[in-house]
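Just so you know, residue 1 is the first one in the sequence shown, and it goes up from there. Atoms within each ligand, like the ligands themselves, are counted from 1 in listed order.
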Amino acid sequence: MRHLLDTTDLSLKEIDDMIALAGDIINNKEKYAHICDGKKLAVLFFEPSTRTRLSFEAAMMELSGNVIGFSEAASSSASKGESVEDTVMMVSCYADIIAMRHPLEGAPHVASFKSSVPIINAGDGGHSHPTQTLTDLLTIYREKNRFDNLTLGLCGDLKFGRTVHSLIKAMSRYNNVKFVLISPKELAVPDYIKSDILDKNGCEYIEAETMEEVMDSLDILYMTRIQRERFFSEDEYLKHKDAFILDLDKLKSAKPDLTIMHPLPRVNEIAREVDNDPRAKYFVQALNGKYIRMALIKTLLEWGGAL
Ligand code: CP
C-alpha cells in the first residue's frame, strides 16, 4: 500500500504513467466507468475547499465509487477533541481510500502512520498540495507536450502558497526548466525552497518584483492568490492584497502561446477580461483536476491491492 503525501513520493516514471492514464480516461471515459464499483472514498476536509473536494468526489463518482466524509472540522468529532490519528483509524474501517485536507503541516503524514488504507494529502497548511501539482503537471503536459525546456513564471504569494512550493519541487526534477519568481520581497519563495530544491537541482532562477519586466520570457505564467488565511495580521494582508493583477494590457508583451494557469480560487489577481483570452487555461486546469484524481484513485487502489 502507498500513500500520496508529496509529489516526490512518485518517481518521474510514475508521474508519466499517471498523466498517460489521465489522458486515456479523458479519451475513453466508458472504459473506466465501473472500475470502482463498491469502493468508497472518504473526504476528510478540516479546511475549506471547492475544487479539491468536489473534484475528488466527482472523480470517484465517475468511477462508480461512493463518497463519504465531511467538509469542515466543525461537523466532525475533531470539534470534540478527537485526534487526527483516531479519526483516521476510524475512517479507514469505513473507506477504501482517504483524501485529507488539514490546516496543520504534516497532518496527512501523521494520518498515514495509522491508516490501513491509502492516504492522499489534499493540502496541508502552507506545506504541500500534491494533487494540485499533478493537476498542474497534466495541464502543462497537455498544453506544452513536454516538461523540459520551459520558462515557468510563478507570481503572487510565493511564501505561503503551497501549490507554488509543490510545483517548484515537481518541475525542478525536469531538464532545463527556468524559474521566474515574481513576488513582493516580503512574500518571496522561502529560502529552504531555494537552497534545498532550486540550488540542489542546479535550476536557473531569477526573482522579480513586477510581471511586466519578465512577461516576454515566459512559456507559462502561474498566478496565485495572496493567502489571506495564513497572514499573522489583517494589516499585513491588506498591504499585499492587490500586489499583482494580470490584465490584457500586461499580456501585450507575452508570447502568443503563453499558458496562463492559476490553481484557483482567484480573488483579484486575474482580471475577468483575461478569461476570454485563448491563453487562459485555469478553468481547463480545474477540469483536469478531476481526471488526474480519477487516475490517482485508480492507481493507489491498485497499488494497495484493492482493485
Ligand atoms: N486549488 C484548490 O486547492 O482549490 P480549493 O481550495 O477550492 O480546493
Side-chain angles (χ1 to χ4, degrees), residues 4-7 18 22 41-62 67 69-76 97-108 119-140 142-143 152 154-171 220-231 237 241 244 246 259-270 274-275 280-297:
L4 180 71
L5 304 174
D6 197 282
T7 27
M18 199 97 67
L41 164 74
V43 286
L44 311 185
F45 277 61
F46 296 83
E47 218 188 29
S49 166
T50 296
R51 272 146 299 276
T52 310
R53 185 171 64 83
L54 296 183
S55 65
F56 261 119
E57 294 190 6
M60 192 56 167
M61 287 173 189
E62 290 201 20
V67 181
F70 51 82
S71 59
E72 52 177 356
S75 63
S76 78
I97 187 164
I98 295 172
M100 174 191 283
R101 171 170 288 189
H102 202 285
L104 289 183
E105 300 173 5
I119 296 283
I120 301 171
N121 178 1
D124 61 330
H127 174 233
S128 189
H129 193 350
T131 65
Q132 180 64 49
T133 304
L134 291 174
T135 299
D136 300 340
L137 292 177
L138 175 61
T139 305
I140 290 170
R142 288 179 72 79
E143 297 302 323
L152 168 60
L154 298 128
C155 178
D157 182 350
L158 308 188
K159 179 179 178 184
F160 294 117
R162 61 191 171 197
T163 61
V164 167
H165 304 165
S166 287
L167 186 58
I168 292 175
K169 244 191 233 179
M171 287 299 286
I220 297 164
L221 174 57
Y222 192 93
M223 296 295 295
T224 62
R225 138 187 102 84
I226 306 294
Q227 304 267 311
R228 180 180 203 156
E229 66 277 26
R230 308 210 192 279
F231 278 81
Y237 165 71
K241 101 175 165 62
F244 299 102
L246 180 66
T259 298
I260 305 168
M261 297 173 65
H262 192 311
L264 304 176
R266 90 174 128 184
V267 183
N268 282 331
E269 56 281 354
I270 302 181
V274 177
D275 295 359
K281 298 296 176 189
Y282 29 92
F283 293 118
V284 176
Q285 186 183 352
L287 177 60
N288 286 337
K290 180 181 71 174
Y291 295 120
I292 200 72
R293 289 179 176 104
M294 290 170 79
L296 177 65
I297 290 168

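The closest protein non-hydrogen atom to atom 6 (O) of ligand 1 is Arg101 NH1, 2.9 Å. Considering only non-hydrogen protein atoms, atom 3 (O) of ligand 1 sits nearest to His129 NE2, 2.8 Å.
Between the Arg101 side chain and the Ala122 main chain, a donor and an acceptor come within less than 3.5 Å of each other. At distances below 3.5 Å, at least one donor-acceptor pair connects side-chain atoms of Glu105 with backbone N or O atoms of Gly126. Distance alone, capped at 3.5 Å, places no donor-acceptor pair between the Asn121 side chain and the Asp6 backbone.
Among Glu47, Arg51, Arg225, the residue whose heavy atom sits closest to atom 4 (O) of ligand 1 is Arg51.
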Side chain to side chain contact (heavy atoms under 4.5 Å, CB included) assessment of Tyr282 paired with Thr139: CA-CA 9 Å; Tyr282 29 92; Thr139 305; over 6 Å; no
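No hydrogens or angles considered: nothing links the side chains of Arg225 and His262 as a donor-acceptor pair under 3.5 Å.
Put simply, the residue from Gln132, Glu143, Arg142 that forms a side-chain contact (heavy atoms from CB on, under 4.5 Å) with Gln285 is Gln132.
For ligand 1, the polar-atom distance check against Thr50 finds a nitrogen or oxygen pair separated by under 3.5 Å. Looking at ligand 1, you won't find any N or O of Pro265 less than 3.5 Å from one of its N or O atoms.
Which parts of ligand 1 touch Thr52 is read off a 4.0 Å heavy-atom cut-off, strictly below it: atoms 2 (C), 3 (O), 4 (O), 5 (P), 8 (O).
Only the backbone of Leu264 comes within contact range of ligand 1, with a heavy atom under 4.0 Å; no side-chain atom does.
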